[in-house]
Amino acid sequence: MSESTEKTAVYLDFIREAVAKDIAEGRTREVRTRFPPEPNGWLHIGHAKAIYVDFGVAESFAGRCNLRFDDTNPEKEDSSYVDAIKRDVRWLGYDWEDREYYASDYYEKLYELARLLIRKGLAYVDDLDEEQIKEYRGTNVPDKNNITYTPPGRNSPYRDRGVEENLDLFARMRAGQYPDGSRTLRAKIDMAHPNLLMRDPVMYRIRREPHYRTGTIWCIYPMYDFQHPLSDAIEGITHSLCSLEYEIHRPLYDWFIEHCEVFPSRQIEFARLNLTHTVLSKRWLIRLVQEKKVSGWDDPRMPTLAGLRRRGYTPEAIRDFLGRIGIAKTDSMVDIQLLEHCLREDLNKRAARYMAVLRPLELVIDNWPEGRVEMLEAVNNPEDPHHGKRLIPFSGKLWIEREDFQEVPPPKYFRLFPGNQVRLRYAYIVTCTGFDKDPATGEILRVHCSYDPETRGGDAPDNRKVKGTIHWVSADQACSLEARLYEHLFESERPMDIPEGGSFLDNLSDKSLERLRGAKGEPALAALEPGTSVQFERLGYFCVDTDSKPGALIFNRSVSLRDSWAKIAKKSM
RNA sequence: UCCCCGGUUGUGUAAUGGUAGCACAGCAGACUCUGGAUCUGUUUGUGGGGGUUCGAAUCCUCCCUGGGGAACCA
């Protein structure tokens, strides 16, 4: 039979399913979405999920996604954040073309829409202050037993002002005739509504604060609930995708669209991303930066896109991760190991291999001809022959990894110990003949071995099995480098679970950064550009740091290689 | 208290009244000049009770449980 008779299961997440239905049933022809960041912080991996959903859903239906800055709070926003956000979205691999919009460009239109609501008797200027509004809303009232309950709210005494008076008052608000906080414009909905957000929400507040784009032109600013649906409408957004916390705002979203008689966008909510061992809340990330717990927004331990980039994460790995975690409405906590897995998988295919020694121990080949240096051939990437080969210098004095030698080997250890044979990667098979030890401290100072000249390149002509292969660097030709090893910023899987009376900062790990300044690498490492990702054989993937300079090389460990020895060692303990 | 939304192996996520699958993690093995990579095999799940049905993760109902909301922030 032809393949066309076979049922091909095409999986659509619940959002794409809803969009497909809207198209099938004729509610919309094209799909238009938007990614609406507020420029008050740098983007993190949680935003990356939103970007992936917003741009991805549009792309699935041959639609378009706008980039819109939701900038209606002048107290927190700044153009430096706009630049950082644009750079990060582009880096992740998304293009908004010429569709770069700002809610602040809609202020005049929004003002007119507010006047429309006033004329329809659906909005009024209120003279109540912040405290009074809260009290009239009828919330947080403790009863005799000190249990809070939610009574119906009471109407503001200013609720029934006439249309003309409201229009005049609102114009005066805009004109700056009243002090900050003295009046608001409120939607007239229902002060007894069970959804507290529907109890006459504030649409405009007075705030004399220069805005990074509109300067001092305005002293009244629209609130999110009023502004967002209408901004969506102005741009013809068909599907306004946002996180679960806005679910309860949807009736309001719909109310403003209906009564302003504008383009009917549809809001659909999905669960935001949570990751183990980190925090993804702008408020908390900003504290880490401000209280200098990290070096900045782009500290390689930060879950920001800039931090991940500096750490060595690739956009491909992040997008792969986002695709794997899926989209749903269940609150979830994704294991950060999945992110790490995606990075390893991507870099395994692409990163060139090099040898570097993090904690050097001297290895002397006693039968090596004095002063001789050989150039040996090494494969750049066993996963992909197109990467070619390179030559690395080899001599009788090498650096090896301190943990690759044991005076007394633990069970199943097949690296260097007295009497044992190992292969020096791409070089020779050597036999450990002894070691020098500081009698006072017990520290191993130097390991001695002899090499087998018949095994050049690492192959034994007699086909003998050598179980262990270790990496090395020729001491005289090596370049010095600093390796920065990172662990999770928080040891706790859920750092947001704060101990009684403490702060999430108490959960900060003191092992999240280890700087190894005495590391040694093969000479070619010195020529790499900042941002380049490589694999240090047997150790992990490393990325040349943005601060790395000739003579002061810095490599960030992006992620370690899977370490099955660690498991064996742990088990036999 | 009230309102809204959820609960499928350890973690995510499918199955849309008809065989509970996939990925990661875990475990076991094969292979290997990275204890890497790759490959093979494999353990573990529908929150609970009742109902509808030939048949329920799916529909109804009660309970349990988790998250969110009650800003002149977004």
Side-chain angles (χ1 to χ4, degrees), chain A residues 9 11 13 17 36-38 40 70-73 75-77 126 128-130 133-134 137-143 145 147-153 180-186 193-199 201-207 220-221 223-225 227-228 242-251 269 271 276 282 324-335 337-342 344-345 348-349 353 355 379 382-383 412-415 423-427 429 457-460 466-471 535-540 561-569:
Chain A
Y11 160 63
D13 57 75
E17 198 169 42
E38 185 188 11
N40 67 345
D70 225 0
D71 53 357
T72 52
N73 182 3
E75 289 171 84
K76 291 184 177 170
E77 296 152 6
D126 196 356
L128 258 28
D129 67 26
E130 206 167 341
I133 286 179
K134 199 176 208 171
R137 231 193 296 260
T139 57
N140 276 335
V141 183
D143 69 5
N145 303 319
I147 296 170
T148 59
Y149 70 106
T150 311
D180 284 10
S182 61
R183 282 169 219 253
T184 57
L185 183 72
R186 291 231 258 166
H193 199 108
N195 179 347
L196 287 314
L197 292 170
M198 297 293 272
R199 318 250 262 221
V202 172
M203 294 164 58
Y204 273 91
R205 77 278 205 184
I206 304 173
R207 189 109 316 162
I220 57 172
Y221 290 94
M223 302 293 292
Y224 169 85
D225 282 313
Q227 165 271 122
H228 201 89
C242 60
S243 52
L244 248 29
E245 55 195 302
Y246 293 100
E247 206 158 22
I248 201 162
H249 294 248
R250 189 170 359 114
E269 312 85 11
T276 58
K282 241 190 248 182
R324 291 184 197 226
I325 60 172
I327 307 167
K329 293 189 70 162
T330 319
D331 280 303
S332 61
M333 174 68 67
V334 177
D335 194 334
Q337 283 188 77
L338 182 59
L339 216 208
E340 295 171 347
H341 165 83
C342 292
R344 283 194 192 98
E345 191 167 271
N348 177 46
K349 289 177 299 191
R353 268 116 245 233
M355 289 198 282
V379 174
E383 301 294 315
K412 291 182 191 161
Y413 183 86
F414 41 84
R415 284 118 97 163
R423 173 167 30 239
L424 296 174
R425 179 96 161 138
Y426 296 125
I429 294 173
D459 295 310
V466 177
K467 203 96 159 84
T469 300
I470 65 173
H471 60 278
Q535 185 196 100
F536 288 170
E537 296 224 23
R538 302 212 304 136
L539 296 174
L561 250 26
R562 283 184 65 214
D563 186 358
S564 47
W565 164 246
K567 255 183 272 177
I568 297 167

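Numbers restart at 1 for each chain; the letters A, B, ... are given by sequence-line order, proteins then strands.
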inquiry  = Please check: side-chain N/O of A:Arg423 versus main-chain N/O of A:Gly458, any donor-acceptor pairing under 3.5 Å?
reply    = yes

message = Expressed as a whole number of angstroms, how long is the span from A:Lys76:NZ to B:C72:C1'?
response = 12 Å

ask   = For A:Ile206, which of A:Thr184, A:Leu185, A:Asp180 qualifies under side chain to side chain contact (heavy atoms under 4.5 Å, CB included)?
value = A:Asp180

ask   = Checking all strands, does A:Asp129 fall into the base, sugar-phosphate, or nothing category for heavy-atom contacts under 4.0 angstrom?
value = base

ask   = Should the ring pair A:Tyr224 and A:Tyr246 be called parallel, tilted or perpendicular, given that the plane angle runs from 0 to 90° and is split at 30 and 60?
value = tilted

message = Is A:Tyr11 close enough to B:A14 that one of its side-chain N or O atoms is under 4.0 Å from OP1 or OP2 there?
response = yes

ask   = Rounded to whole angstrom units, what separation is found between the CE atom of A:Met223 and the C1' atom of B:A70?
value = 14 Å

task = Go through B:G6, B:U34, B:C73 for me and flag the one nearest to the A:Thr469 side chain.
result = B:U34

request  = Could you check how far CZ of A:Arg205 sits from C1' of B:A71, rounded to whole Å?
outcome  = 10 Å

query = Which sits closer to the 5' end of RNA chain B, A:Phe536 or A:Asp13, going by the nucleotide each is nearest to?
reply = A:Asp13

ask   = Given atom CD1 of A:Ile133 and atom C1' of B:A70, what is their separation to the nearest angstrom?
value = 14 Å

task = Take the protein atom CD1 of A:Ile568 and the nucleotide atom P of B:C27, then report the distance between them rounded to whole Å.
result = 11 Å

For nucleotides 40-42 of chain B, which of its nitrogen or oxygen atoms have a protein nitrogen or oxygen under 3.5 Å away, and what is each distance?
none

Over all atoms of both residues, closest heavy-atom pair of A:Leu561 and A:Phe536 = CD2-O, 4.4 Å

request  = For A:Leu539, answer base if it contacts any base atom (sugar-phosphate contacts may also be present), sugar-phosphate if it contacts only those atoms, and nothing otherwise; contact means non-hydrogen atoms under 4.0 Å.
outcome  = nothing

Spacing of A:Met333 atom CE relative to B:U13 atom P, expressed in whole Å = 12 Å

request  = Ignoring hydrogens and angles, tell me if any N or O in the side chain of A:Arg137 forms a donor-acceptor pair with the backbone of A:Gly153 under 3.5 Å.
outcome  = no

message = Closest approach to the side chain of A:Glu537, judged atom by atom: which nucleotide of B:A74, B:U34, B:G35 is it?
response = B:U34

Pick out the pairs of N or O atoms, protein on one side and nucleotides 36-39 of chain B on the other, that lie under 3.5 Å.
from: B:G36; atom 1: OP1; to: A:Ser564; atom 2: OG; distance (Å): 2.7
from: B:G36; atom 1: N2; to: A:Glu383; atom 2: OE2; distance (Å): 2.9
from: B:A37; atom 1: OP2; to: A:Arg562; atom 2: NH1; distance (Å): 3.3
from: B:A37; atom 1: O2'; to: A:Asn348; atom 2: ND2; distance (Å): 3.2
from: B:A37; atom 1: O2'; to: A:Glu383; atom 2: OE1; distance (Å): 3.1
from: B:A37; atom 1: O2'; to: A:Glu383; atom 2: OE2; distance (Å): 2.9

Qualifying residues under salt bridge (Lys or Arg N to Asp or Glu O under 4.0 Å), relative to A:Glu245, sequence neighbours excluded = A:Arg272

key: Pairing pattern in dot-bracket form [Watson-Crick, G-U; both distances under 3.5 Å; | = partner strand] for RNA chain B   = .((((((..((((....[..)))).(((((.......)))))....(((((..]....))))))))))).....

key: Minimum-distance pair of heavy atoms, taken over all atoms of A:Gly138 and A:Pro151   = O-CD, 2.9 Å

message = Less than 4.0 angstrom from a charged side-chain N to a carboxylate O is my criterion; do A:Glu345 and A:Arg324 meet it?
response = yes

inquiry  = Assess whether a salt bridge exists between A:Lys329 and A:Glu247, defined as any Lys/Arg side-chain N lying under 4.0 Å from an Asp/Glu carboxylate O.
reply    = yes

message = Counting the atoms with a prime plus P, OP1 and OP2 as sugar-phosphate, which does A:Leu128 contact under 4.0 Å by heavy atoms, base, sugar-phosphate, or nothing?
response = base

inquiry  = Regarding A:Met355, tell me which of base, sugar-phosphate or nothing describes its non-hydrogen contacts under 4.0 Å with the strands shown.
reply    = nothing

message = Over all strands shown, is A:Tyr426 touching base, sugar-phosphate only, or nothing at heavy-atom distances under 4.0 angstrom?
response = base

Taking only nitrogen or oxygen atoms into account, show me every contact under 3.5 Å that the protein makes with nucleotides 63-69 of chain B, one pair per line with its distance.
from: B:G67; atom 1: O2'; to: A:Asp331; atom 2: OD2; distance (Å): 3.0

ask   = Does OP1 or OP2 of B:A14 have a side-chain N or O of A:Arg324 closer than 4.0 Å?
value = no

message = Suppose we screen for side-chain hydrogen bond (donor to acceptor under 3.5 Å, both in side chains). Which residues come up paired with A:Arg562, at least two apart in sequence or across chains?
response = none

task = For A:Lys282, report the nucleic acid contact type (base, sugar-phosphate, nothing); a contact means any heavy atom under 4.0 Å.
result = nothing

request  = Report which part of the nucleic acid A:Thr72 touches: base, sugar-phosphate, or nothing (heavy-atom distance under 4.0 Å, all strands).
outcome  = sugar-phosphate

request  = For A:Asp459 and for A:His341, locate the closest nucleotide of RNA chain B by heavy-atom distance; then report the residue assigned to the nucleotide nearer the 5' terminus.
outcome  = A:His341

message = Distance check needed: B:A74 C1' versus A:Glu75 CD, whole Å only.
response = 13 Å

task = Could you check how far CD of A:Gln337 sits from C1' of B:A25, rounded to whole Å?
result = 6 Å

Side chains of A:Lys567 and A:Asp563 in contact at under 4.5 Å (non-hydrogen atoms) = no

ask   = Looking for any heavy atom pair under 4.0 Å, which part of the strands does A:Arg415 touch: base, sugar-phosphate only, or nothing?
value = base

request  = State whether the side chain of A:Asn348 and the backbone N or O of A:Glu383 hold a donor-acceptor pair below 3.5 Å, judged by distance alone.
outcome  = no

remark   = Side-chain atoms of A:Lys567 come closest, of B:U34, B:G26, B:G35, to B:G26

note = Taken to the nearest 0.5 Å, the spacing of A:Arg199 CZ from A:His193 NE2 works out to 9.0 Å

